[in-house]
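Starting from 1, each residue takes its place in the sequence as its number.
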Amino acid sequence: MTLIRKLKYSLMMLSVVLLSGTIGFHVLEGWSLFDALYATVSTISTVGYGDYAPATATGRFFAMLLIVFGVGTMLYTAGLYAETMFEGRMRLILGRGKLERTIAKLHNHYIICGCGRIGRLICRELAEAKAPFVVVDNNPEVLQKIEEDGFIYYKGDATDDKTLIGAGIKRAKGIVCVLSTDAENLYVILTAKELNPDLYVLSRSEDEASESRLLRAGADRVMSPYALGGMRMAMAILRPAMLDFIEITARRQNLELQMEELSIGEHAAIIGKSLETAAIRDRFGVIVIAVKKDSGQMIFNPRASYVIEIGDKLIVMGEGKGVAGLAEVCLGS
């Protein structure tokens, strides 16, 4: 039984003792309900002012029973309450120190500003992909859910410079702004870019008018959940087979077919080779759908003669094992 549950039961027992004592003294001694309650509290707290004392033998016997059971219940409840307060405080202190040490060790991680419905979904996807991230929020209820999910978090206001620094923004790879208003997201983008100009910034947009402002502020990409949701629902009506295909390839838990983005590292053995020479399809059973260059240019359905370069991002599709094998080659491991 947990400490909190024990405390709840002890409080229920204490309430029963108080109620029983009040009714007992009221019936046996004829005292008013308030006086009977006062005498009960004085008895079980061992204060005993002496201004109220049972006059009848039955009342004295009842008082003895109340002392035996009531005082023990009172002391037990007080002890549990003190233990709960001490344990909670110690957990808060130790837990905060542990989180700060964990965050201090993170490099090339992502910072999620705001953990509402969208933020929580992003956290689950990042956790499933085993990508390091820190959640920044200051809502106690949200923080409790984050802690239950086992995510690393930093308590504070995301619009505050000190909070972002505490979350390791100077060592971070990217930041996701999914706060409740566009104004808050805009402020976070400006602050984040000032602290780390090389940071990749993804922001949520509530309305179309704010999208251009967020981009001008330094966001690398702005996305509207409502626009994406509307497009997806329209696709479900107009092109249901295409939507099924996208959902199948996007699910990471589906090992039969995956679509993935693979970056070409400096030591990758396939640098300088054409797609035909690298034999990606023959070796791994993976199809290269597109290539994104460092400049941002996207090459769709590249020819077999395309030469792979450092910094290229290959958009590939294939079975899970094949994609994983190609990922190791792209990283140069």
Side-chain angles (χ1 to χ4, degrees), residues 1-102 114-121 123-124 127 134-158 163 180:
M1 185 182 298
T2 62
L3 189 60
I4 298 297
R5 185 171 295 180
K6 287 181 180 179
L7 182 60
K8 290 180 180 179
Y9 283 134
S10 65
L11 289 173
M12 291 175 58
M13 292 169 56
L14 183 61
S15 300
V16 171
V17 169
L18 288 172
L19 181 61
S20 301
T22 301
I23 296 175
F25 283 135
H26 175 69
V27 174
L28 297 175
E29 297 296 324
W31 298 337
S32 67
L33 290 175
F34 180 78
D35 291 340
L37 176 62
Y38 170 76
T40 302
V41 174
S42 299
T43 301
I44 66 175
S45 63
T46 70
V47 174
Y49 290 111
D51 46 354
Y52 283 92
T56 63
T58 307
R60 294 192 186 99
F61 180 75
F62 177 77
M64 287 190 291
L65 293 176
L66 185 63
I67 291 171
V68 171
F69 293 101
V71 173
T73 303
M74 182 71 176
L75 293 175
Y76 179 70
T77 303
L80 282 178
Y81 180 77
E83 186 179 353
T84 303
M85 294 296 291
F86 177 77
E87 184 182 272
R89 181 63 180 171
M90 288 301 296
R91 186 188 295 120
L92 179 64
I93 295 173
L94 295 175
R96 183 182 302 165
K98 183 179 179 182
L99 283 172
E100 290 177 354
R101 289 192 299 271
T102 302
C115 196
R117 287 179 295 178
I118 295 177
R120 201 169 183 187
L121 289 173
C123 291
R124 288 177 180 173
V134 178
V135 184
V136 175
D137 210 300
N138 58 359
N139 188 323
E141 295 181 0
V142 172
L143 291 176
Q144 184 176 354
K145 292 180 180 179
I146 295 172
E147 191 172 5
E148 291 173 356
D149 290 334
F151 300 150
I152 300 173
Y153 67 90
Y154 189 93
K155 182 179 180 182
D157 185 356
T163 300
S180 56

Residues 36-44 side chain polar contacts: donor-acceptor under 3.5 Å, at least two apart:
{"unit_1": "Tyr38", "atom_1": "OH", "unit_2": "Asp51", "atom_2": "OD2", "d": "3.0"}
{"unit_1": "Thr40", "atom_1": "OG1", "unit_2": "Gly21", "atom_2": "O", "d": "3.4"}
{"unit_1": "Thr40", "atom_1": "OG1", "unit_2": "Thr22", "atom_2": "N", "d": "3.3"}
{"unit_1": "Thr40", "atom_1": "OG1", "unit_2": "Ala36", "atom_2": "O", "d": "2.8"}
{"unit_1": "Ser42", "atom_1": "OG", "unit_2": "Tyr38", "atom_2": "O", "d": "2.9"}
{"unit_1": "Thr43", "atom_1": "OG1", "unit_2": "Ala39", "atom_2": "O", "d": "2.7"}

Side-chain donor-acceptor pairs of residues 136-143 under 3.5 Å, sequence neighbours excluded:
{"unit_1": "Asp137", "atom_1": "OD1", "unit_2": "Asn139", "atom_2": "N", "d": "3.0"}
{"unit_1": "Asp137", "atom_1": "OD2", "unit_2": "Cys115", "atom_2": "N", "d": "3.0"}
{"unit_1": "Asn139", "atom_1": "OD1", "unit_2": "Glu141", "atom_2": "N", "d": "3.0"}

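With rounding to the nearest 0.5 Å, the separation of NZ in Lys155 from CD in Glu147 is 11.0 Å. Remark: Ser10 OG to Leu14 CG distance equals 7.5 Å, nearest 0.5 Å. The distance from atom CG of Leu18 to atom CD1 of Ile23, rounded to the nearest 0.5 Å, is 11.0 Å. For the atom pair Tyr153 OH and Thr102 OG1, the distance stands at 11.0 Å (nearest 0.5 Å).
Judged as a side-chain hydrogen bond (donor to acceptor under 3.5 Å, both in side chains), the pairs with a partner in residues 24-35 (not counting sequence neighbours) are, in order, Glu29-Thr56, Ser32-Asp35, Asp35-Tyr52.
Between Cys123 and Asp149 the shortest side-chain heavy-atom distance does not fall below 4.5 Å. Proximity of Phe25 to Pro54: side-chain heavy atoms (C-beta onward) are separated by under 4.5 Å at one or more points. Between Phe151 and Arg124, some side-chain heavy-atom pair lies under the 4.5 Å cut-off.
Open room surrounds CE on Met12; 12 or fewer heavy atoms of other groups in view lie less than 6.0 Å from it.
Phe62 and Ser20 get closest at one heavy-atom pair: CZ-O, 3.4 Å.
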